[in-house]
2 protein chains.
Amino acid sequence: MGKAWTPTSAADGVEQALKILEGKWKLVILFHLFGGNLLRFSELERAIPAITQKMLIQQLRQMESDGVVRRIVHHQVPPKVEYGLTDWGQALCPALDALLKWADLRQERRSGD
Amino acid sequence: MGKAWTPTSAADGVEQALKILEGKWKLVILFHLFGGNLLRFSELERAIPAITQKMLIQQLRQMESDGVVRRIVHHQVPPKVEYGLTDWGQALCPALDALLKWADLRQERRSGD
DNA sequence: CAGGATCCCCGGCGATACTG
DNA sequence: CAGTATCGCCGGGGATCCTG
């Protein structure tokens, strides 16, 4: 809180955190889990048609081990697994929200131009 | 503003915007340009030692053509070029800031664990 | 339904050398 | 100083088939 802002010191810590979000799909997935949404594997698949099963499970697993995503297993005869954000993942919401607003600005920009 | 929030419709626009930030270096570079900083090519090189000239110029060019970064050329005998954010790039600041705060949470998390 | 295992491609990225 | 040009790796990512 009382830290002096220098681009280099900040970027140092940030670069580590950014690696967690690196990859083509991480942020896209997070946006779908945004707002406390619990989604099943198949729901995520349908929500992101362009992703393959392999990439979906791979990215989910990575984010899980990074502590961003949590996996909720319901032991049922037809297996049911839901994915959601951890508390720390929820802490990303302000950032995701700001990104969302920024994306909207782009839309206006393009239609207004 | 009056738009109904649905993950899918939002993610649709977001995915486009995310492409602009995709890549290993984009966000790192943006963090250095954060706050209206004007940095020279060589300054960016030193600020991000791990990046190569090729990647630096490539990412800068892409962001420039995406309207996020602006390039200021000073016609001098020793060439001098500065890079900064465009207005639209500045609009990313809240998002970058939120990301920064999130990165800090991670630090605390790790030291507290 | 939710994932694992495999094979393979392509392009992001790195290293090095050169130029205005 | 601020880039270009070229070559090549290697791993992220895609497609497809298989299993508990």
Side-chain angles (χ1 to χ4, degrees), chain A residues 11 14-33 37-66 68-86, chain B residues 11 14-33 37-66 68-86:
Chain A
V14 164
E15 293 193 34
Q16 306 307 317
L18 287 184
K19 288 186 183 172
I20 296 177
L21 306 178
E22 236 172 60
K24 198 176 176 181
W25 301 108
K26 299 270 182 72
L27 285 177
V28 179
I29 294 174
L30 286 179
F31 268 105
H32 285 276
L33 266 25
N37 267 5
L38 284 188
L39 292 179
R40 305 183 56 170
F41 187 83
S42 54
E43 289 177 318
L44 280 170
E45 270 191 283
R46 273 185 289 110
I48 315 173
I51 202 174
T52 61
Q53 293 189 331
K54 173 189 165 187
M55 289 316 297
L56 181 54
I57 191 62
Q58 179 179 299
Q59 305 297 301
L60 282 172
R61 286 280 149 90
Q62 281 183 225
M63 299 182 98
E64 188 193 356
S65 84
D66 283 332
V68 177
V69 162
R70 61 190 234 269
R71 193 163 169 272
I72 304 125
V73 182
H74 304 265
H75 293 281
Q76 303 178 353
V77 181
K80 178 177 178 180
V81 180
E82 290 181 313
Y83 292 91
L85 299 179
T86 63
Chain B
V14 164
E15 292 193 33
Q16 307 306 318
L18 287 184
K19 289 186 183 171
I20 297 176
L21 305 178
E22 236 172 59
K24 197 177 175 181
W25 301 108
K26 299 270 181 70
L27 285 178
V28 178
I29 295 173
L30 285 178
F31 269 104
H32 285 277
L33 266 24
N37 267 6
L38 284 187
L39 291 180
R40 306 184 54 168
F41 187 85
S42 52
E43 289 177 318
L44 280 169
E45 271 191 283
R46 272 185 291 109
I48 315 174
I51 202 175
T52 62
Q53 291 191 329
K54 174 190 166 186
M55 289 316 296
L56 181 54
I57 191 61
Q58 179 179 299
Q59 306 297 301
L60 283 171
R61 286 279 147 90
Q62 280 182 224
M63 299 181 97
E64 187 191 358
S65 85
D66 283 331
V68 177
V69 162
R70 60 191 236 269
R71 190 163 171 274
I72 304 126
V73 182
H74 304 266
H75 293 280
Q76 303 178 352
V77 182
K80 176 177 178 180
V81 180
E82 290 181 313
Y83 292 91
L85 299 178
T86 62

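The analysis underlying the following values was restricted to heavy atoms, covering all of them including side chains, and did not include hydrogens, waters or symmetry mates. Throughout, protein chains are lettered first and strands after them, A, B, ... in sequence-line order, and every chain is numbered starting at 1.
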Quickly work out the Ile29(B) CD1 to dC13(C) P distance and round it to whole Å. 11 Å
Would you mind telling me which residue lines up with the more 5' stretch of DNA chain D, Tyr83(B) or Trp25(A), judged by nearest nucleotide? Tyr83(B)
Euclidean distance, atom CD1 of residue Ile57(A) to atom P of dA15(D) [Å, nearest integer]: 18 Å
dA15(C) P sits how many Å from Ile51(B) CD1, rounded? 11 Å
Quick check: any donor-acceptor pair below 3.5 Å linking the side-chain of Lys54(A) to the base of dG13(D)? yes
Please state how far atom CG in Leu56(B) lies from atom C1' in dG3(D), giving the value in whole angstrom units. 10 Å
Calculate the interatomic distance between Leu27(B) atom CG and dG12(C) atom C1'; express it in whole Å. 16 Å
How close do Trp25(B) and Ile48(B) get, heavy atom to heavy atom, and via which atoms? CZ3-CG2, 3.8 Å
dC13(C) OP1/OP2 closer than 4.0 Å to side-chain N/O of Thr52(B): no
What is the distance from atom CG of Leu21(A) to atom CD1 of Ile29(A), rounded to the nearest 0.5 Å? 11.5 Å
Look at Glu64(B) together with Arg61(B) and state whether they make a salt bridge at an N to O cut-off of under 4.0 Å. yes
Nucleotide nearest Val81(B) (side chain, heavy atoms from C-beta), chosen from dG13(D), dC13(C), dG3(D): dG3(D)
Roughly, in whole Å, what's the span from CD in Gln58(B) to C1' in dT4(D)? 12 Å
Determine: side-chain N/O of Arg46(B) to OP1/OP2 of dC1(D), distance under 4.0 Å, yes or no. no
Please tell me if Arg61(B) has a side-chain N or O lying less than 4.0 Å from either OP1 or OP2 of dG3(D). yes
How many angstroms lie between OG1 in Thr52(B) and CD in Gln58(B), if you round to the nearest 0.5 Å? 8.0 Å
Name the closest nucleotide to the Gln53(B) side chain, picking from dC13(C), dT4(D), dC17(D). dT4(D)
Would you say Arg40(A) reaches dC1(C)'s phosphate, i.e. side-chain N/O to OP1/OP2 under 4.0 Å? no
For atom CG of Leu39(B) and atom C1' of dG3(D), their distance in whole Å: 17 Å
For Pro79(A), which contact category applies under a 4.0 Å heavy-atom criterion: base, sugar-phosphate, or nothing? base
Can you name the closest pair of heavy atoms from Val28(A) and Lys24(A) and give their distance? CG2-O, 4.0 Å
Value in whole Å for how far the P atom of dG3(D) lies from CD1 of Ile72(B): 12 Å
Please tell me which of Ser42(A) and Gly23(B) maps to the more 5' nucleotide of DNA chain C, matching each residue to the nucleotide holding its nearest heavy atom. Ser42(A)
